[in-house]
Structures are given as C-alpha cells and as structure tokens.
There are 2 protein chains.
Amino acid sequence: MSKETIQSLIDRYIDVSFSVTKKEESLMTEQLGSEITQDQHYILRYIYRVGSCTSTKLAEEFEVKKSAITAIINRLWEKGFIKRTRDEMDRRVVYLTLTEQGEIFYQKIEEKINCFVELFMSKFEQSEMEQFIDTYEKLNQVLIEIKDKQ
Amino acid sequence: MSKETIQSLIDRYIDVSFSVTKKEESLMTEQLGSEITQDQHYILRYIYRVGSCTSTKLAEEFEVKKSAITAIINRLWEKGFIKRTRDEMDRRVVYLTLTEQGEIFYQKIEEKINCFVELFMSKFEQSEMEQFIDTYEKLNQVLIEIKDKQ
DNA sequence: AGAGATAGTTAAACTGTTTAACAATTAATG
DNA sequence: CATTAATTGTTAAACAGTTTAACTATCTCT
C-alpha cells in the first residue's frame with residue numbers, strides 16, 4: 001500500500017469518525033429530549049440490560065473514575081429513575097437498579113432511539129450494513145488488544 | 001428483513017459505536033498528552049488545515065454555539081497556540097490562525113495521532129478498511145440529509 | 001486486634017456546553 | 001443622513017461530566 005493511500009485513509013477516517021459521532025450525538029440528544037443527557041441514557045441502558053449492578057462495575061465498564069459515576073447516578077436518582085440498595089452481606093456495596101418509573105422512562109426513549117437508528121440503517125442494503133458492523137466490531141476488538149498491550 | 005435481524009443490527013450498532021468512540025477517545029487522549037484536550041486538538045486541526053478562520057465558521061463547523069468556541073480558543077490562546085487578528089475592513093471579524101509555536105505543536109501531535117490510527121488500520125486488509133470508510137462516509141451523508149429534513 | 005484493601009461518597013478544580021445579555025460594528029431602510 | 005436591523009464576538013452564570021485527593025465505612029487477612 002502506498003504512503004499516500006495510507007495517509008488518505010487515515011485522514012478520511014479521522015474526519016468521518018469525528019463528523020458521524022458529532023451528528024449522531026446531536027440527533028440522539030434530540031430524541032432524548034430535555035429530561036436526560038446522552039451519558040445518563042447510556043448508564044440507564046446498561047442498568048436496564050443487566051438488571052442490577054454496582055458503581056464499581058459501571059466505572060470499569062464506562063472507563064471512568066467511580067466519582068464520575070456517583071455524579072451521574074445522583075442525577076438519575078434525583079429524577080426518580082434509580083434505586084440504591086445496600087448489600088446486607090457486604091455493607092460497602094450498593095446495588096443500583098431502575099425504579100418502575102425508570103424502567104417505563106427507559107423503554108420510552110429506547111423506542112425513540114431504535115426508530116432513529118432504524119431510520120438511517122434503512123438507507124443501506126442489509127449486506128452493506130452487516131459488513132460495516134462486522135468491521136466495526138473487529139475494530140473494537142483491535143482497540144481492546146491495543147489497550148491491553150499498554 | 002426480519003424484525004429480529006433489524007433489532008439485532010440496531011443493538012449491535014449502538015453498542016459498538018459507543019465502545020469504539022469511548023476507546024478511541026481514551027487512546028487518542030493518551031497520544032495528546034496533558035497539554036491539550038481532544039476538542040482543542042480538533043479545533044487546532046481544523047485551523048491548521050484551512051489556515052485561517054473565524055469563530056462563527058468554527059461554531060458552524062463544530063455545531064456548537066459561538067460562546068463555546070470562545071472558551072476553547074481562549075484556552076488555546078493562553079497556551080500560545082492561537083493568534084487573533086482583527087479584520088481591518090470589517091472590524092467585527094476576528095481571524096484565528098496558529099502561531100508558529102501552535103503549528104510546531106500541532107505537527108508533533110498530528111504525527112502521533114497518525115501513528116496511532118495507522119497502527120489499528122494495519123490490522124485490516126486494505127480492501128476491508130476502504131469498504132468500511134466508504135460506508136462510514138455514506139452514513140455521514142445520510143445523517144446530513146436527516147438533519148436537513150428537520 | 002490491627003494493618004491493609006475495597007466500595008462508595010464528597011469536595012475542589014477543570015473543560016465543554018448553553019442561554020442570555022452585552023458592546024462594537026456594519027447593513028439596510030426610510 | 002439617521003435610525004433601526006443584523007452580525008461578530010465576548011462575558012457571565014449555570015450546568016454536566018470529568019479527575020484527583022481525601023475521607024468514611026466496611027471487610028479481609030494475618
């Protein structure tokens with residue numbers, strides 16, 4: 001592969017990944033409305049899917065410090081979406097779950113997000129989108145390997 | 001396309017785009033060092049490429065309000081990377097350019113970022129990466145159309 | 001029993017963001 | 001020409017998310 005080709009691919013990748021991330025964020029923020037932010041949505045999504053988890057787990061999963069999680073959970077808790085339950089066996093641990101209100105709210109926004117993602121996916125042939133996501137997932141694996149090597 | 005297939009693609013897309021964005025951000029932040037943030041890097045990159053531009057232009061390009069640009073530019077200015085020049089014809093306008101120090105600094109980090117992107121790209125066949133970026137750019141266009149329709 | 005590890009919180013500081021108000025300047029209109 | 005509009009950029013206040021460092025409470029391990 002020539003040096004120019006590589007450089008061109010690198011530049012295209014940096015440009016397009018930045019642009020798409022930016023636009024998706026702004027369009028998804030519209031779907032979410034003013035009640036909740038992007039980051040809060042991802043936290044809600046995670047807890048909804050696993051049912052219950054701890055701050056430590058969230059911090060690992062989202063690759064941020066625990067105090068960052070505390071801040072987000074506090075905001076979700078103030079909105080009435082999150083329940084905190086102390087583990088009676090190990091009283092240091094706090095389990096985080098969605099309240100009923102939190103579940104209902106999440107399901108509502110999940111549907112909106114799904115519609116939005118489906119909308120832009122429908123502009124592609126299924127095979128092209130499958131190939132795209134396959135490579136995207138492979139890229140994710142590559143990045144995990146790079147991180148591990150450090 | 002069956003409903004399950006679509007839903008599976010949607011879920012995979014949301015998961016992988018979130019994960020990759022997160023990992024790239026954290027790995028790129030490492031390359032950038034403590035001197036500069038991700039957003040500051042993208043602003044620097046933009047000005048480096050166009051040579052000179054205004055706050056209004058940056059605000060449009062990055063899809064944020066002008067006051068957000070002022071904040072970032074102030075930080076880059078404090079570091080000595082940015083020069084502000086008033087237009088003598090239209091004295092409302094301020095042209096932003098890189099100082100010599102800013103150019104040298106940008107070139108240094110650009111090389112690091114290039115190495116990093118090249119590193120993970122080298123794990124793919126060229127044809128696969130080209131196909132991936134093609135679809136990625138198509139996705140960018142689709143998102144632009146969706147935004148315009150609103 | 002005491003030392004060290006772990007889970008979570010709090011407080012301070014910083015970056016990036018929006019909204020709203022503002023100053024300076026230019027453009028448009030009667 | 002004078003006044004009103006619009007535009008450019010800044011400032012200030014408020015908020016979300018982040019890190020670092022200190023702290024409390026609890027558990028683990030000799």
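Sequence lines set the chain letters: A, B, ... in the order given, protein chains first and strands last, and positions in each chain run from 1.
Side-chain contact check for A/Glu35 versus A/Phe105: some heavy-atom pair is nearer than 4.5 Å. Side-chain contact between A/Tyr13 and B/Tyr136 is present, with heavy atoms from C-beta onward closer than 4.5 Å. B/Phe120 places a side-chain heavy atom less than 4.5 Å from the side chain of B/Glu24.
Salt-bridge formation is not detected for the pair B/Lys149/B/Glu145: no Lys NZ or Arg NE/NH1/NH2 atom is positioned less than 4.0 Å from an Asp or Glu carboxylate oxygen. A salt bridge links A/Arg91 and A/Glu88; the closest N-O separation between the charged side-chain nitrogens and carboxylate oxygens is under 4.0 Å.
Taking CD from B/Glu25 and OG1 from A/Thr21, the interatomic distance works out to 8.0 Å, rounded to the nearest 0.5 Å.
Note: A/Tyr46 and A/Phe62 have perpendicular aromatic rings, judged against thresholds of 30 and 60 degrees for the angle between ring planes.
Remark: nothing in residues 37-53 of chain B comes within less than 4.0 Å of DNA chain D through any heavy atom. For the segment residues 57-92 of chain B, residues with any heavy atom less than 4.0 angstrom from an atom of DNA chain C are, sorted by number, B/Val64, B/Lys65, B/Ser67, B/Ala68, B/Ala71, B/Ile72, B/Arg75, B/Met89, B/Asp90, B/Arg91, B/Arg92.
Nearest heavy atoms, B/Gln101 versus B/Gly80: OE1-O, 3.5 Å.
Nucleotides of DNA chain D with any atom under 4.0 Å from a heavy atom of chain A span, from 5' to 3', D/dA16 to D/dC27.
Partner assigned to D/dA16 is C/dT15, using Watson-Crick or G-U wobble distances below 3.5 angstrom. Across all strands shown, C/dT26 has no partner, as no Watson-Crick or G-U wobble contact with both distances under 3.5 Å is found.
Base orientation of D/dA5: syn, the glycosidic angle falling within 90° of 0.
Tested against A/Gln7, the residues A/Leu9, A/Thr5, A/Asp11 include a single side-chain contact (heavy atoms from CB on, under 4.5 Å) partner, A/Asp11. Among A/Thr56, A/Thr85, A/Asp87, the single residue meeting the side-chain contact (heavy atoms from CB on, under 4.5 Å) criterion with A/Val93 is A/Asp87.
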